[in-house]
Structures are given as structure tokens and as C-alpha cells.
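See structure below.
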Amino acid sequence: MGSGKTTAIRAISDAAPVSTEAVNVDKAAHSKAETTVGLDYGETRLASGERLRLYGLPGQSRFDFMWKIVARGALGAVVLADNSVPEAVEGLNPYLDAFDELARSASMVIGVGKLLEGPARIDDYASALRARGLCLPVFAVDVRRREDVLLLLEALLNQIEVYEGLGT
Ligand SMILES: Nc1nc2c(ncn2[C@@H]2O[C@H](COP(=O)(O)OP(=O)(O)O)[C@@H](O)[C@H]2O)c(=O)[nH]1
Ligand SMILES: [Mg+2]
């Protein structure tokens with residue numbers, strides 16, 4: 001919550017993004033005024049002319065029933081971490097568990113926001129992934145910047161292409 005999913009989809013979407021913001025009544029989890037109670041949705045056109053559809057899933061575990069449904073049809077996943085919160089690195093684990101199939105098929109990239117606002121560094125995230133037997137790209141990002149969101153999506157698509165190219 002507050003890692004920047006809604007912001008990222010807004011930054012990248014060609015069409016007007018759809019989001020379902022409601023007054024945040026869980027100020028203990030995050031102080032922001034509004035929070036997403038359903039999905040964020042946006043679309044972006046790739047250089048190839050194909051359309052990439054972006055679904056922002058609510059991160060709170062009470063929404064985890066939605067994760068599996070969307071993961072089933074997903075090409076890949078971007079996991080956004082908020083480094084300003086305590087135990088941000090360990091906080092990735094529920095998502096790595098829930099999206100294990102995408103993680104194991106290299107169809108996942110990690111974006112770390114607010115990097116300088118917390119003690120963990122990019123290497124800490126990479127080590128935590130390695131400890132789980134995963135080798136996934138980890139980028140420091142500011143998802144308010146369109147270029148940063150594009151970087152995540154390009155890296156994700158490259159990963160998927162390389163993995164498919166291995167014939168696995
Ligand atoms: N300072 C700082 N703020 C950021 C950064 N990335 C995102 N934000 C802010 O963090 C908030 C994220 O909120 P939102 O997009 O609603 O998060 P969501 O709950 O994941 O949908 C927004 O106010 C962004 O402007 C960053 O790298 N640095
Ligand atoms: Mg949101």
C-alpha cells in the first residue's frame with residue numbers, strides 16, 4: 001500500500017486510466033488520503049504496435065483472492081516495493097509466494113521506490129531473491145516518472161523474451 005501502483009499506471013497509460021480510489025480508512029498501514037479498493041487498469045502501446053494491458057492489484061493480503069485470478073492470465077508481473085516502510089525487503093515474500101510461477105519463469109521484475117528513504121539497498125533485495133533461488137532484475141525507480149515505469153516494462157518484456165528463447 002502506497003508503493004505507487006496507481007501512480008505508475010497513471011504515468012504510463014495512453015488511454016485514461018481506470019482506478020477505484022476510496023477514502024483510506026487504514027491510516028495505520030499508510031497515511032495517504034486515498035487508496036485503491038479494486039483494480040487499477042491502464043493500457044500502453046508498445047513500439048511493435050501491440051497493446052500492453054496493465055492491471056494494478058491491491059497489495060493488502062485481504063485482496064489475495066484477486067491475485068491468483070489475474071496471475072492466471074498474466075504475461076508477467078512488476079512488483080513494487082516501498083523502501084520507506086520497515087522490513088520492505090521481507091515484505092516482498094507474500095508476493096513472491098503468490099506469484100511463484102511468474103517469478104520462476106523469469107516473468108517478473110522488482111521496482112524499488114523511495115530507495116533513499118529507508119535503510120535497505122538494491123543489493124539487499126537481490127540477495128533476498130537469490131536466497132529464494134530467484135534471479136530477477138531489481139531497479140530503483142520513481143514511478144512518478146514515466147521513463148522509470150517504461151524501464152520496468154521493457155525489462156520485464158526482455159526477460160520474458162529471453163526466457164522463451166531458451167525454449168523452456
Ligand atoms: N518521495 C517519493 N514519493 C513517491 C515515489 N514513488 C511514488 N511516490 C508517491 O507515493 C504515493 C504512492 O501512492 P499510490 O500510487 O496511490 O500507491 P498504491 O497504493 O500502490 O496505488 C504517491 O503519492 C506518489 O506520488 C518516490 O520514489 N519518492
Ligand atoms: Mg492504488
Side-chain angles (χ1 to χ4, degrees), residues 1-44 52-100 102-103 107-129 136-157:
M1 189 171 179
S3 64
K5 301 175 295 292
T6 299
T7 305
I9 288 184
R10 281 192 185 145
I12 198 83
S13 192
D14 298 332
V18 179
S19 84
T20 44
E21 299 297 282
V23 173
N24 175 23
V25 293
D26 191 2
K27 292 274 168 44
H30 198 279
S31 61
K32 65 188 184 143
E34 290 193 326
T35 190
T36 311
V37 291
L39 283 174
D40 293 297
Y41 178 73
E43 292 179 359
T44 191
L52 185 65
R53 302 173 196 274
L54 306 159
Y55 299 85
L57 295 172
Q60 301 96 306
S61 58
R62 65 177 181 276
F63 291 112
D64 62 2
F65 66 95
M66 288 166 71
W67 302 352
K68 297 262 174 219
I69 297 170
V70 175
R72 206 174 300 145
L75 187 66
V78 176
V79 178
L80 289 179
D82 178 349
N83 201 49
S84 71
V85 306
E87 300 183 3
V89 177
E90 296 77 6
L92 283 182
N93 285 323
Y95 309 108
L96 297 173
D97 290 335
F99 298 97
D100 185 63
L102 290 174
S107 308
M108 184 183 279
V109 296
I110 315 292
V112 181
K114 307 174 200 174
L115 182 68
L116 300 179
E117 293 174 34
R121 292 293 164 257
I122 293 296
D123 274 354
D124 300 319
Y125 287 89
S127 306
L129 291 168
L136 299 169
V138 185
F139 297 98
V141 291
D142 182 338
V143 292
R144 294 169 299 180
R145 294 158 47 97
R146 185 180 156 82
E147 312 87 82
D148 286 18
V149 185
L150 276 174
L151 170 75
L152 288 171
L153 297 179
E154 276 168 19
L156 177 62
L157 293 170

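Read the numbers this way: they start at 1 and go in the same order the structure lists the ligands and their atoms. All residue numbers refer to positions in the sequence shown, counting from 1.
- The closest side-chain heavy-atom distance from Ile12 to Leu52 is not below 4.5 Å.
- Checked against side chain to side chain contact (heavy atoms under 4.5 Å, CB included), Asp100 has the following partners two or more places apart in sequence or in another chain: Arg104.
- At a threshold of 4.5 Å between non-hydrogen side-chain atoms, the residues Phe63 and Leu57 do not count as touching.
- Put simply, the side chain of Tyr125 reaches to within 4.5 Å of the side chain of Asn83, judged on heavy atoms.
- Ligand 1 has no N or O atom lying under 3.5 Å from any N or O atom of Asp40, backbone or side chain.
- Put simply, the side chain of Tyr55 never gets that close to the backbone of Ala74: no donor and acceptor are under 3.5 Å apart.
- Judged by distance alone, the side chain of Trp67 and the main-chain N or O of Pro58 form a donor-acceptor pair under 3.5 Å.
- Remark: atom 23 (O) of ligand 1 lies closer than 4.0 Å to no protein heavy atom.
- Atom 10 (O) of ligand 1 has its closest protein heavy atom at Lys114 NZ, 3.2 Å.
- For a threshold of 3.5 Å applied to N or O pairs, the pair formed by Thr35 and ligand 1 contains no separation below that value.
- Protein heavy atom closest to atom 2 (C) of ligand 1, with residue, atom name and distance, is Arg144 NH2, 3.3 Å.
- For atom 12 (C) of ligand 1, the closest non-hydrogen atom of the protein is Gly2 O, 3.5 Å.
- If you check which protein heavy atom lies closest to atom 17 (O) of ligand 1, you get Gly4 N, 3.1 Å.
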Exercise for review: Would you sort out whether Val79 and Phe99 count as a side-chain contact (heavy atoms from CB on, under 4.5 Å), showing the intermediate values?
Suggested key: CA-CA 10 Å; Val79 178; Phe99 298 97; 5.6 Å; no
Practice item. Output, in order, the C-alpha distance, side-chain angles, deciding distance and verdict of side-chain contact (heavy atoms from CB on, under 4.5 Å) for Asp40 and Glu21. Key: CA-CA 9 Å; Asp40 293 297; Glu21 299 297 282; 4.2 Å; yes
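- Between Asp123 and Arg121, none of the side-chain N atoms (NZ, or NE/NH1/NH2) sits under 4.0 Å from a carboxylate O, so this pair counts as no salt bridge.
- Remark: side-chain polar atoms of Arg53 are not paired, donor with acceptor, to backbone N or O of Glu43 under 3.5 angstrom.
- Close contacts between ligand 1 and Thr7 involve ligand atoms 12 (C), 13 (O), 14 (P), 15 (O), 22 (C), 24 (C) [criterion: under 4.0 Å to a heavy atom].
- Using a distance-only test at 3.5 Å, with no hydrogens or angles considered, a donor-acceptor pair links the side chain of Asn24 to the main chain of Lys32.
- Within the listing of ligand 1, atoms 27 (O) sit less than 4.0 angstrom from a heavy atom of Val141.
- Around the Mg ion (ligand 2), the protein contributes the following N, O or S atoms under 2.8 Å, ordered by chain and number: Thr6 OG1, Thr36 OG1.
- When only non-hydrogen protein atoms are considered, atom 1 (N) of ligand 1 lies nearest to Glu117 OE2, 3.3 Å.
- Scanning all protein heavy atoms for the shortest distance to atom 16 (O) of ligand 1 gives Lys32 NZ, 2.8 Å.
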